[in-house]
Amino acid sequence: MAIPAGVRKRVADLREQLQHHNYLYYVLDAPEIPDAEYDRLLRELQALESTHPQLITPDSPTQRVGAEPLKEFASVRHDVPMLSLGNAFAEQEVIDFDRRTRERLGAESVDYVAEPKLDGLAISLVYEAGMLVRAATRGDGRTGEDVTQNVRTVDTVPLRLYGKGHPRVLEVRGEMFMSRQGFAALNKRQQKAGEKTFANPRNAAAGSLRQLDPKVTATRPLEIYFYGVGRVEGRQLPGRHGDILARLAEWGLRTNPEIKKVSGVQGCLDYYADILALREGLPYEIDGVVYKVDDIAQQETLGFVARAPRWAVAHKFPAEEELTKLTAIDVQVGRTGKLTPVARLEPVFVGGVTVTNATLHNQDEIERKDIRIGDTVVVRRAGDVIPEVVSAVKAKRRKGARRFKMPVKCPVCGSDVVRPEGEADARCSGGLYCAAQRREAIQHFASRRAMDIEGLGEKLVNQIDEQGLLQDIADLYALDQGQLSALERMGEKSAINLIAALEKSKPTTLARFLFALGIREVGEATAQTLANEFGDLDAIMTADVARLEQVPDVGPVVAQNIYAFFREQHNQSVIRKLIKAGIHWPTIEIKPAAEQPLHGKTFVLTGTLENFTRDEAKARLQALGAKVAGSVSRKTDYVVVGAEAGSKAARADELGVQTLSEDELLRLLGG
Ligand code: I6G
């Protein structure tokens, strides 16, 4: 059958692209495209080659795992090839994998061992007579690089096996990686030293392992989890994969604590859902989970296909990074006047949702990443975090791509944009004259956790503001039914409801009122602490910076923000107006710290709470004298465990720290 010229051309084009990205990824540790995009290119090439097998050449990227080893390290031949894993992107592909497995084995149901798939580097370690003699990277699967001296510096790698009964020769395989925390600390250190920072933990791990000087590797926070064996001589290992892993752990070879034996395909899919829910709480990045047939005899029956075992599959999570085109950069003005450049994107499905906008943070960030309008960019969305533009793909940059320049006038009100020396953020100098700031401030004031004015959302705020009815937030309480009913799409009933909601918001608490004022960097928790500490608004308004800095959790910057806010004549007059309109709160009796019911107790919050935001729960606990910490240690008294809690709950169990459910927390807080 003749092969169309278009197919030949596409195959050649895909090979060239894949080769280029292999080089960037494997040799330079500087990938330009997300893994998901690479996988797609490879799959397209695989599909074309399987339809037209005459086109397969030995040097096609489909015919090998990785790139050439770096020249500087000695080459090591793997006695047992280091294969790769087949991928499943959709549930149906896992169902098909299980069906094929059962059919080949003639079994009704199969037991699997499941574990998270870490985003790191596969590595092989050989122990002879219990001593570590060689460590090698996967390389192209047959030949890797000798990184023994570097691996010896990783403290989770035992130099001698623990316990007894190990085979004379034991080759173990695992994933070398860097935790999120280790990665953040390393990047901070690199930045401080004016050295190159890394794009993600995987690159940081690869770069650290490939250092020619082991002394440098020794300073890098590398870790390893072992997941299987290669060459084994002199003793037989157990007949089940799960038992082999348990044996490895006994010999001091760390295995992942999330490893679980599961039954049948439903067990696999339940495990996938559990780990996906845990994903953001795990201390390391993962890109999916791996299922392996537990019975080694069954593994042997199943054998291999091409370069992957038939008895295992990687079930990938939705990609957290994708490619798309950045079509424009707009500037948004926030409540405090901060100008945020926002990337407008061609819609892209990433992290489980379609993303059309992503934050670019500020001008420096755009310049540092060299992002231009018209670029193809990598967009990242992890968990519920706001999507961000990670980098631009320089290879795809077109001639017309333009640099972004922060406007010198506010795009909303035309006031000057200022950027104080040493600050990253540009701000509109218009204050409440700027409609964007005024409207954001009103929305914040009315929000549920502030004054809780029901029904006063973004649209209505904009409508009221457009009519020029508001000079400041206090004017809300002067609105009358006639003015409101005259607004478009606002019936008499809605107007009456809004007036009632405004009335209902008047009795409040000092903490809510302080939070509602929208002082920079004064969130719910700080507002609550201020209320507890001073008990009275006048005392806060007249406190000097030194006094404010004595408040727990209030540093010099926040103290200065609070002080400056209350010195502003305009703010003083708005506060007077609000109180005159009838806003009031009960006086707080200030108890000496030692008499507060939770004085001296440290809490940690984890997971999602139904009745509070994290900040709210923190504020309520602090109001009773408790301290709220970010991580669990032996000094923690209680860990409050919400839905989908992650590693902190596990850590509490490990340390024997008492855990509280949300109901128990509610009771503790007095309902
Ligand atoms: O690349 C891999 C990552 C994790 C693996 C693997 C794994 O198990 C948790 N397992 C095998 C068998 C292979 N690659 C070939």
Side-chain angles (χ1 to χ4, degrees), residues 327-345 347 353-360 381 384-387 407 410-415 427-428 430-506 508 512-513 515-520 523-524 570 574 577-578 581-583 613 615-616:
T327 52
I329 298 179
D330 290 343
V331 174
Q332 273 177 359
V333 186
R335 174 163 62 82
T336 58
K338 180 183 161 189
L339 268 59
T340 306
V342 177
R344 304 295 179 205
L345 306 168
V353 298
T354 299
V355 169
T356 51
N357 302 314
T359 179
L360 287 163
R381 181 186 180 272
D384 289 333
V385 179
I386 300 169
C410 171
V412 175
C413 72
S415 301
R427 286 179 195 283
C428 161
L432 292 184
Y433 167 72
C434 176
Q437 290 183 61
R438 192 171 58 238
R439 290 174 189 184
E440 291 272 351
I442 294 167
Q443 257 171 260
H444 170 76
F445 182 82
S447 63
R448 194 176 64 77
R449 284 144 51 196
M451 299 302 288
D452 195 14
I453 304 170
E454 218 180 309
L456 191 56
E458 182 182 348
K459 274 202 188 118
L460 190 49
V461 168
N462 290 352
Q463 258 185 303
I464 297 171
D465 192 57
E466 269 160 24
Q467 295 304 310
L469 299 175
L470 301 173
Q471 293 311 308
D472 56 52
I473 47 181
D475 289 339
L476 278 175
Y477 291 94
L479 291 171
D480 65 35
Q481 205 183 310
Q483 287 170 319
L484 288 172
S485 311
L487 297 174
E488 223 175 287
R489 291 185 303 280
M490 181 84 166
E492 199 175 327
K493 180 102 196 322
S494 307
I496 293 172
N497 286 346
L498 183 60
I499 302 276
L502 282 160
E503 234 6 77
K504 195 171 151 214
S505 73
K506 287 179 180 173
T508 184
R512 274 178 175 265
F513 181 73
F515 174 58
L517 291 176
I519 306 165
R520 264 172 77 185
E524 277 173 290
H570 170 83
V574 170
K577 241 166 103 177
L578 286 167
I583 288 175
T613 62
D615 261 359
E616 229 172 343

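Bear in mind the structure is a predicted one, so any value in this text is a computation, not a measurement.
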Student: Is there side-chain contact between Cys434 and Ser415, with heavy atoms separated by less than 4.5 Å?
Tutor: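 In short, these two side chains do not touch, never coming nearer than 4.5 Å.
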Student: Quick check against the 3.5 Å criterion: does Arg335 have a side-chain atom that pairs as donor or acceptor with the backbone of Gln437?
Tutor: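 No, because the side chain of Arg335 does not come within donor-acceptor range (under 3.5 Å) of the backbone of Gln437.
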Student: So, for Arg438 and Gln471, which heavy atoms are closest and what is the spacing to 0.1 Å?
Tutor: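 Closest heavy-atom pair between Arg438 and Gln471: CD-O, 3.8 Å.
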Student: Do Ser505 and Asp452 touch side chain to side chain, with heavy atoms closer than 4.5 Å?
Tutor: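 A side-chain contact is absent here, since even the closest heavy-atom pair is not under 4.5 Å.
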Student: Does the Ser485 side chain pair with the main chain of Gln481, one donor and one acceptor, at a distance under 3.5 Å?
Tutor: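 Checked: pair present.
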Student: Return the minimal non-hydrogen interatomic distance between Asn357 and Leu345, and the atom names on each side.
Tutor: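 Scanning both residues completely, I find the closest heavy atoms to be C-CD1, 4.1 Å.
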Student: Distance-only, no hydrogens or angles: does the Gln483 side chain make a donor-acceptor pair with backbone N or O of Asp480 under 3.5 Å?
Tutor: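 Present.
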Student: Within the structure provided, determine whether Met490 and Leu460 are in side-chain contact (heavy-atom separation under 4.5 Å).
Tutor: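 Heavy-atom side-chain distance check passes, below 4.5 Å.
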Student: With sequence neighbours excluded, give me every ring-ring contact (aromatic ring centres under 6.0 Å, His included) pair touching residues 438-471.
Tutor: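 Non-adjacent pairs meeting ring-ring contact (aromatic ring centres under 6.0 Å, His included): His444-Phe515.
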Student: If every non-hydrogen atom of Leu502 is compared with every non-hydrogen atom of Tyr477, which pair is closest and at what distance?
Tutor: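 Result for this residue pair: O-CE2, 3.3 Å.
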Student: Where do Ile499 and Leu479 come nearest, in terms of heavy atoms and distance?
Tutor: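 Where Ile499 meets Leu479 most closely, the heavy atoms are CD1-O, 3.4 Å.
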Student: Could you tell me the separation between the CD1 atom of Ile464 and the CG atom of Leu470, rounded to the nearest 0.5 Å?
Tutor: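 It comes to 6.0 Å.
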Student: Nearest 0.5 Å, please: how far is CG in Asp330 from CG in Leu360?
Tutor: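 So the CG of Leu360 and the CG of Asp330 are separated by 10.5 Å.
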Student: Heavy-atom distance under 4.5 Å between the side chains of Met451 and Leu476, does that happen here?
Tutor: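 No, side chains not in contact.
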Student: Of the non-hydrogen atoms in Val574 and Ala474, which two are nearest, and what is the gap between them?
Tutor: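 In terms of heavy atoms, the two residues are closest at O-CB, 4.0 Å.
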Student: Test Glu458 against every option in Arg439, Glu440, Gln463, Gln443 by the side-chain contact (heavy atoms from CB on, under 4.5 Å) rule and name the one that passes.
Tutor: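 So, applying the side-chain contact (heavy atoms from CB on, under 4.5 Å) to Glu458 and each of Arg439, Glu440, Gln463, Gln443, only Gln443 qualifies.
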Student: What pair of heavy atoms forms the shortest contact from Cys428 to Leu339, and how long is it?
Tutor: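 Heavy atoms of Cys428 and Leu339 come nearest at N-CD1, 3.5 Å.
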Student: Say you draw a straight line from CZ of Arg449 to CZ of Arg512; how long is it, rounded to the nearest 0.5 Å?
Tutor: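 Going from the CZ atom of Arg449 to the CZ atom of Arg512 covers 9.5 Å.
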Student: Begin from the C-alpha positions of Asp475 and Lys577 and carry the test salt bridge (Lys or Arg N to Asp or Glu O under 4.0 Å) through to its verdict.
Tutor: CA-CA 8 Å; Asp475 289 339; Lys577 241 166 103 177; 2.9 Å; yes
Student: Quick check: do Ile453 and Leu498 have side-chain heavy atoms less than 4.5 Å from each other?
Tutor: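 A side-chain contact exists here, since the closest heavy-atom pair is under 4.5 Å.
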